[in-house]
There are 2 protein chains.
Amino acid sequence: MTAPIPTKDDLLNIRQMCDAFDVTPRTLRFYEAKELIAPLRRGTARLYTYRDRARLKLILRGKRFGFSLEDIRQLLDMYDRAPGQQEAQLRRTYELAADRLAQMERQRAELDEAIAELKEQMAWGGSVLAGFRNAAE
Amino acid sequence: MTAPIPTKDDLLNIRQMCDAFDVTPRTLRFYEAKELIAPLRRGTARLYTYRDRARLKLILRGKRFGFSLEDIRQLLDMYDRAPGQQEAQLRRTYELAADRLAQMERQRAELDEAIAELKEQMAWGGSVLAGFRNAAE
DNA sequence: CGTTACGTTTACGTGCGCGTCAACTTGTCT
DNA sequence: AGACAAGTTGACGCGCACGTAAACGTAACG
C-alpha cells in the first residue's frame, strides 16, 4: 500500500506526519513551540494523535486564508475550549468568534473588490491583445 | 482647505505624498530604493510628479492583490514599455494576472467555506449560551 | 543670528515563518 | 558491540516590507 490511511486512534511519528501533510519537521516543531499543537511524547519523540492531525489541517487551511499563526492559535483555542465551559468564558469566546467573523467578512469584501478590479484591468489588457491580433492579419 | 487637490503638473513633497496616500516616508524611500518610483530632485529633496502618483496608486493596488513588490516592479516596467510593446511581453503580464486571479478566487472560495464553518460553530455556541440562560431562571 | 521644521543618508532592528546547520540521544538491525 | 537511521534541542540565518534612531543639511521665520 502506498497510502496506509491512518485510523482515528493511530499515532503518527513526525515523518509520517510530514508526508501526510507535506510539511517539514521544522514546521511541526515550530507550530508546537508556538503552542498550536501539542503531540504526545514517547520518551522525547513526538507522537501525533488524531486531534493533532485535525488541528494541523485547520492550521494549514487558516494559512491559505492568510491568517497569521497567532490568529490561528486563538481560533483553535476557541474551537476546542468550547465544551464544558463556564458561561462567562464561553461568552468571551463567542465574542472573539464574532470579531473574527466580522474580520473575515471584511476580508472577503476586500478580496471581492480586488478581484473585480483585477478583472477590469485584465479586460483592458485583453482588448489591447485583441488589437494586436487584428493588426497582425 | 483641508483637501488641496493636486493637479496633473503639481509637484508634491514627501509629506504631501504621505498624507495623500497614507504611507510613511520610509515606505516611499523604500519603494524608490527598490526602483518602483523615481521622483525628481530639487537639490536632495524629492519631488513627486503626477507619474509618481499614478505609479504609487498602482503599487498600492498591486499590494492589495497580494503581489510582492518585486512582482509589481516587473509589472510596472512592462506597463511603461507598453507603447510599442511586443505582444509576447504583454501576454506574459496578462498570464501573470490570470494566475493571480485564479489564486484569489480559490482563496475566496476557501474563505467562504471558513466563514460558513465559523458561523456554524457560533450557532452551536449560541445554543449553549441559550441553555445557560434557561437554567438561570 | 539662532532655532525650529522638514528633509536627507546610513545603518541597524523587527516580526513572521520557517531553513539550516551542529551536536547529541535513542532505538533498530546485523 | 557497532553502525546507521531517525529523532531531539538549541541557535543562527534569511527574505520581505518596512520601523527606528543617529547624524547631518537646508530653508524659512522671528
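When rounded to the nearest whole Å, the span between CZ of Arg29(A) and P of dG17(C) equals 19 Å. The CG atom of Leu28(A) sits 16 Å away from the P atom of dA6(D) (whole-angstrom rounding). One can place CD of Gln16(B) at 12 Å from P of dC6(C), the figure rounded to the nearest angstrom. Rounded to whole Å, the distance from CD1 on Ile72(B) to C1' on dC18(D) is 14 Å. Here dC16(D) presents its P atom at 9 Å from CZ of Phe30(B), a figure rounded to the nearest Å. Atom P of nucleotide dA17(D) and atom CZ of Arg73(B) are separated by 12 Å, given to the nearest angstrom. In this structure, Ile59(A) places its CD1 atom 16 Å from P of dC16(C), rounding to the nearest Å. Put simply, CG on Leu12(A) is 16 Å from C1' on dA6(D), counting in whole angstrom units.
When the nearest nucleotides of DNA chain C are assigned to Arg46(B) and Glu70(A) by heavy-atom distance, the more 5′-ward of the two goes with Arg46(B). For the pair Tyr48(B) and Pro25(A), both in contact range of DNA chain C, the more 5′-proximal nearest nucleotide belongs to Tyr48(B). In this structure, Tyr31(B) and Asn13(A) both approach DNA chain D, and ranking their closest nucleotides by distance from the 5' end singles out Asn13(A).
Put simply, the side chain of Asn134(A) never gets that close to the backbone of Gly131(A): no donor and acceptor are under 3.5 Å apart. Using modelled atom types, no side-chain atom of Asp19(B) and backbone atom of Gln16(B) make a donor-acceptor pair closer than 3.5 Å.
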* To do: Evaluate side chain to side chain contact (heavy atoms under 4.5 Å, CB included) for Arg108(A) paired with Met104(A), printing each intermediate quantity in order.
  => CA-CA 6 Å; Arg108(A) 182 174 59 182; Met104(A) 286 166 80; over 6 Å; no
* To do: Quick one: do Glu117(A) and Gln121(A) satisfy side-chain hydrogen bond (donor to acceptor under 3.5 Å, both in side chains)? Show the steps, please.
  => CA-CA 6 Å; Glu117(A) 279 183 44; Gln121(A) 292 284 318; over 6 Å; no
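Proximity note for Arg41(B) (side chain, C-beta onward) versus dG19(D), dG17(C), dT9(C): the nearest is dT9(C). With dG17(C), dG19(C), dG7(C) as the candidates, the nucleotide lying closest to the side chain of Thr24(A) is dG19(C). Listed nucleotides: dT8(C), dT9(D), dG17(C). Nearest to the side chain of Ser68(A): dG17(C). Comparing dG7(D), dC18(C), dG7(C) by their nearest atom to the side chain of Ile14(B) picks out dG7(C).
Closest approach of Leu28(B) and Cys18(B) over heavy atoms only: CD1-SG, 3.8 Å. Pairing each heavy atom of Phe21(A) with each of Arg53(A), the nearest pair is CZ-O, 3.6 Å.
Phosphate contact (OP1/OP2 of dG19(C), side-chain N/O of Thr27(A), threshold under 4.0 Å): present. Between Lys34(B) and the phosphate of dC18(D), there is no side-chain N or O to OP1/OP2 separation shorter than 4.0 Å. Contact between the side-chain N/O atoms of Lys63(A) and the OP1/OP2 oxygens of dC16(C) is not found at any separation under 4.0 Å.
In this structure, Leu11(A) is not a member of the same hydrophobic cluster as Ile14(A), with clusters built from ILVMFWY side-chain heavy atoms closer than 4.5 Å.
Thr27(A) places a side-chain heavy atom less than 4.5 Å from the side chain of Thr24(A).
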Identify the pairs formed between an N or O of the protein and an N or O of nucleotides 20-29 of chain D at a distance under 3.5 Å, and give each distance.
{"unit_1": "dT20(D)", "atom_1": "O4", "unit_2": "Arg26(B)", "atom_2": "NE", "d": "3.1"}

